[in-house]
Number of protein chains: 2
Amino acid sequence: MSGKAKRSGGDDIKMSDIARHAGVSPMTVSRALREPSTVSEKMRRKVDAAVREFGYLPNRIAGSLSSKRSNVVGLIVPSIRNSLYANMIQAISDVLRANGFHLMIANSGHRLDDEEALVAALLAQRVCGLVLHNTTHNKRVRDLVAKTGVPVIETGNLPAEPLDMAVSYSNFEAARAMTAHLGRLGYRKIGFVTLPLRDNDRSKERRRGYFAALKELGLPADPSLVLEAPGGFSEGADALVRLMQTHPGLDAGFFAGDVLAVGALFECQRRGWAVPGRVAIASFDDLDLLRHAVPTVTTLRIPRHEIGRRSAELLVNRLLGAPPERLRIDVGFEIVQREST
Amino acid sequence: MSGKAKRSGGDDIKMSDIARHAGVSPMTVSRALREPSTVSEKMRRKVDAAVREFGYLPNRIAGSLSSKRSNVVGLIVPSIRNSLYANMIQAISDVLRANGFHLMIANSGHRLDDEEALVAALLAQRVCGLVLHNTTHNKRVRDLVAKTGVPVIETGNLPAEPLDMAVSYSNFEAARAMTAHLGRLGYRKIGFVTLPLRDNDRSKERRRGYFAALKELGLPADPSLVLEAPGGFSEGADALVRLMQTHPGLDAGFFAGDVLAVGALFECQRRGWAVPGRVAIASFDDLDLLRHAVPTVTTLRIPRHEIGRRSAELLVNRLLGAPPERLRIDVGFEIVQREST
DNA sequence: CATTCTCTTGGTATCGCTACCATCCTATAG
DNA sequence: CTATAGGATGGTAGCGATACCAAGAGAATG
């Protein structure tokens, strides 16, 4: 836990100073700043003048303590680095800001224990709402959320029983749909490359979707067609090469995550394997990159931005007074058929 | 500004409750939690037991108000979406967290007025430190920073006169070095594609560096070789095509930002232009993508992660008591020569 | 013209914690 | 055995705002 530090140089001006200089009571200053309409124009002008003269910045810490309200929302993502989250974060940040809220952000590094520690820390900071990308949580997280009653949004998957509200798509359905799509296109030996499965409900659901589709297609469920790889270009390339070696007849690869598919595509370019002639490639998540690569890559469009926007909107509504309501919003997904399949 | 909202369901347990149940004074609880070593083991155990029993979460808002210290650092970036920033943010976040600090994040959308509003808002939240990517600021920002005395780090460029501390590389030198590098490789007609210049000191410095290098190379400074484009694949592709049309003899393109270079590279693949045979391509910032594309792309490695890490470390040191000191740390850059030039 | 009502303004008591100082206890020295 | 230092505890007074209620000033009503 450790150190915090003394705020230095502040010749801290406070509300009572402004009040004195404006010749009004502190309460009037407080009101003039927060609910200008409840104060006469004369007062408001006096207050505004004093505020400007001294460059006064209200102390929101004091305000929050006093009012028992906070205007900070906490967000925990597995990794900040990932551009998928970045889209969502941007959307959340924009909606929050438009409504006068701020965003405190932390990354759990895909570790449930870290998520737990961060949830506790954010709640200690008395955030007024929480957005969690993860949908499986330690018991203490569930307890804390229940006990404090903070509104929570889960965004990474559609859990059967959300903690509170969930805004997401079904990883299972998405992976199933893409696999089925490949089947419809005539591919028969479809490899599946997944992100690490440990502590990751999204990955597990995607794999489940893949197998479900195979079954529906009447194709054999061959575990050796499934490879687990951390995200990244090289990892995608490696995975494809390994699959091609162990399964010479492989006709398609479905890369369920990150930039794996692009890595595989580049590998094909290097080796002169025609895509989709020699092997078809499908991806997950509509990175800009996939639309511009040569050939363009078939993928699943997940509305990350919309997930962020709607999450923040729901949170803001609740914070502004909407009654608590267990919600489970499916934003859906879309198969984007391109040249690579 | 608008609404905040009432924290609902909290059956808020406070320190005095814990104290009562542990049979000690509130002060002892406070100490047991913050400086366990100053409290006898017996007391500590009693306190810990009560804390666990009730799932007590100290209220940091109250703590901050009382101690006049905060453990939240504010960060303002032009855009959260951009993966370059994402690397830096991740590093900042990790270092802060390891030292018990939290990160409040906001994006200015490249607008100085928004930056100003956000700085004010973050200071009102009484952040204990600030990281700004921008290095040109409105007057009010400079005033606020001076008046409040919060430690500030600027990271986007090396300003001649930092507000406080700066951790960055020189955009001017980097662009100059790459342009000179292209010159050394024998390219004589080098196009330059820049991100928007408005309110953006980084872009302007890069363009200055480009022209400086041309001069040193004894090449003519032809303004029509410079194109301004928002970041993006298509924009990079368009820019290259336009340059090739207006300057048939163009032998190299230096794309100073974002994914412009990759967009251009893809365009070359589509048109069958050999890279670097027909035209060479150089980029700015070492995105993973550039190392894996076919051909691999020559670029400038900017240590974004290191910038974030060192920024956070400097901030933490200062917050932990290091004396204020105007610093200007140049983390440098590196030219990465690859196949595309 | 008295009375009631509404709209503004101000006073006071917290909000939950920490700083600071006083007190107490135990250990060591004289 | 008394004196004294030093560590461990507790009491009290804020931190800087807001909630809540009381009071005053006009406006509207009978």
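Protein chains get the first letters and strands the later ones, always in sequence-line order, with residue 1 at the start of each. Owing to the predicted nature of the structure, the values given are computational and were not obtained by experimental measurement.
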Judged by each residue's nearest nucleotide on DNA chain C, which is more toward the 5′ side, A:Pro26 or A:Ala62?
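Whichever sits nearer the 5' end wins; that is A:Pro26.
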To the nearest Å, how far apart are [X] [atom1] and [N] [atom2]?
| X | N | atom1 | atom2 | result |
| --- | --- | --- | --- | --- |
| B:Met15 | D:dC15 | CE | P | 19 Å |
| B:Leu57 | C:dG16 | CG | P | 14 Å |
| A:Arg44 | C:dT8 | CZ | P | 10 Å |
| B:Ile61 | D:dG16 | CD1 | C1' | 13 Å |
| A:Leu33 | D:dG16 | CG | P | 16 Å |
| A:Arg69 | D:dG16 | CZ | P | 20 Å |
| A:Leu65 | D:dG14 | CG | P | 17 Å |
| A:Asn59 | D:dC15 | CG | P | 12 Å |

Any [X] side-chain N or O less than 4.0 Å from OP1/OP2 of [N]:
| X | N | answer |
| --- | --- | --- |
| B:Arg31 | D:dA8 | no |
| A:Ser16 | D:dA17 | no |
| A:Tyr56 | D:dG16 | no |
| B:Lys68 | D:dG16 | yes |
| B:Ser66 | C:dG16 | no |
| A:Arg126 | C:dC15 | no |

Nearest-0.5 Å distance that lies between atom NE2 in B:His110 and atom CG in B:Asn134:
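Taking NE2 in B:His110 and CG in B:Asn134, the distance rounds to 9.0 Å.
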Does CZ in B:Arg198 sit with more than 12 non-hydrogen atoms of other residues, nucleotides or ligands closer than 6.0 Å?
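Check fails, neighbour count at 12 or below.
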No-hydrogen, no-angle side-chain donor-acceptor test under 3.5 Å, A:Glu313 and A:Asn99
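On atom types as modelled, these side chains do not qualify, holding no pair under 3.5 Å.
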Is a side-chain N or O of A:Ser168 found less than 3.5 angstrom from the main chain of A:Thr155, in a donor-acceptor match?
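It does hold such a pair.
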Just by modelled atom types, is the B:Val152 backbone N or O under 3.5 Å from a matching donor or acceptor in the B:Asp164 side chain?
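Yes, the answer is positive, given that a donor and an acceptor are paired below the 3.5 Å cut-off.
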Please determine, for the side chain of B:Met27, which listed nucleotide (D:dG11, D:dT9, C:dT9) has the closest atom?
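Of the candidates, D:dG11 comes closest.
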Between A:Ser30 and B:Ser25, who's closer to the 5' end of DNA chain D by nearest nucleotide?
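Closest to the 5' end, via its nearest nucleotide, is B:Ser25.
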